[in-house]
Amino acid sequence: MARVLFREDEIRARVRALANAIADTYAGIEGPLTLVPVLSGSIIFVADLIRAMPLRLKLALIHVSTYPGRTTRAGEPKTVMALTGDVNGKHVLVVDDILDSGRTLASVCGLIREQKPASLRSAVLLRKPAGAQRVIDADFIGFDVSDFFVVGYGLDYDDLYRNYPHIGVLREELIR
Ligand code: 5GP
Ligand code: MG
């Protein structure tokens, strides 16, 4: 890594705080909460988040690809795998790794809304400073981050580095 932005222990503390805020928000709902992790980048985040959340919950997965292969520029979000569960009438929380332009989150929320959920919110671990260009914001945000291409804690470059426990910026020569 060229730089480490967030270390493992700092991420753990913030994810626990997010889990508590989410649990408070949904404390009164009828039935379980349905989390929709956006694969693949959110896998580590969602694994830690749900274990810190004392709630009855279910998972429905969706796989969207925005940065295929060796690109560090966003393309059109493509649904690689459709939603695995039924979210009609359910309280739904979409979970993604990072929010930039918001096109990925907007496209997933659009697909879910077609199924008429009881409520729909979103949580992201990281948010980039896209400013006015962002088409949608998230309800729960872990950290605001500068406009670097980051990897680790689930986030990849060419499908690598997801298992790096911290979040960092790759050395320039590793991006080609
Ligand atoms: P958006 O659609 O909001 O512009 O981009 C969000 C998606 O792009 C995320 O789901 C994530 O997969 C990918 N993405 C955006 N920024 C980064 C980054 O810095 N690193 C990695 N690994 N993926 C990113
Ligand atoms: Mg993604």
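All residue numbers refer to positions in the sequence shown, counting from 1. Start at 1 and go down the list; that is how both ligands and their atoms are numbered.
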Legend entry - side-chain contact (heavy atoms from CB on, under 4.5 Å) partner of L111, chosen from T79, V94, V64, V36: T79
Legend entry - Aromatic ring pairing F6/F143, orientation class (parallel under 30°, perpendicular over 60°, tilted between): parallel
Inset, instruction - Look at the aromatic rings of Y161 and Y157 and report parallel, tilted or perpendicular, splitting at 30° and 60°. - result: parallel
Inset, instruction - For ligand 1, indicate whether the residue D96 contacts it via side chain, backbone, both or neither (heavy-atom separation under 4.0 Å). - result: side chain
Inset, instruction - Number the atoms of ligand 1 from 1 as they appear, then name those within less than 4.0 Å of a heavy atom of K128, with their elements. - result: 16 (N), 17 (C), 18 (C), 19 (O)
Inset, instruction - Counting heavy atoms only, name the option from A106, S146, G102, S101 that's nearest to atom 4 (O) of ligand 1. - result: S101
Legend entry - Proximal ligand 1 atoms for D97, defined as those under 4.0 Å from one of its heavy atoms: 9 (C), 10 (O), 11 (C), 12 (O)
Legend entry - Residue list, side chain to side chain donor-acceptor pair (under 3.5 Å) with E30, at least two apart or on another chain: none
Inset, instruction - Please round to the nearest 0.5 Å and tell me the distance separating atom CG of D48 and atom CG of L18. - result: 11.5 Å
Inset, instruction - Of the side chain and backbone of Y157, name the one, both, or neither that has a heavy atom under 4.0 Å from an atom of ligand 1. - result: neither
Inset, instruction - Give yes or no for whether the N/O distance cutoff of 3.5 Å, strictly under, is met between L99 and ligand 1. - result: no
Inset, instruction - Calculate, to the nearest 0.5 Å, the distance between atoms CG and OH belonging to L126 and Y153 respectively. - result: 10.0 Å
Legend entry - Proximal atoms of ligand 1 relative to F148 (non-hydrogen, under 4.0 Å): 19 (O)
Legend entry - Under 4.0 Å to a heavy atom of D156 - the qualifying atoms of ligand 1, by number: 21 (C), 22 (N)
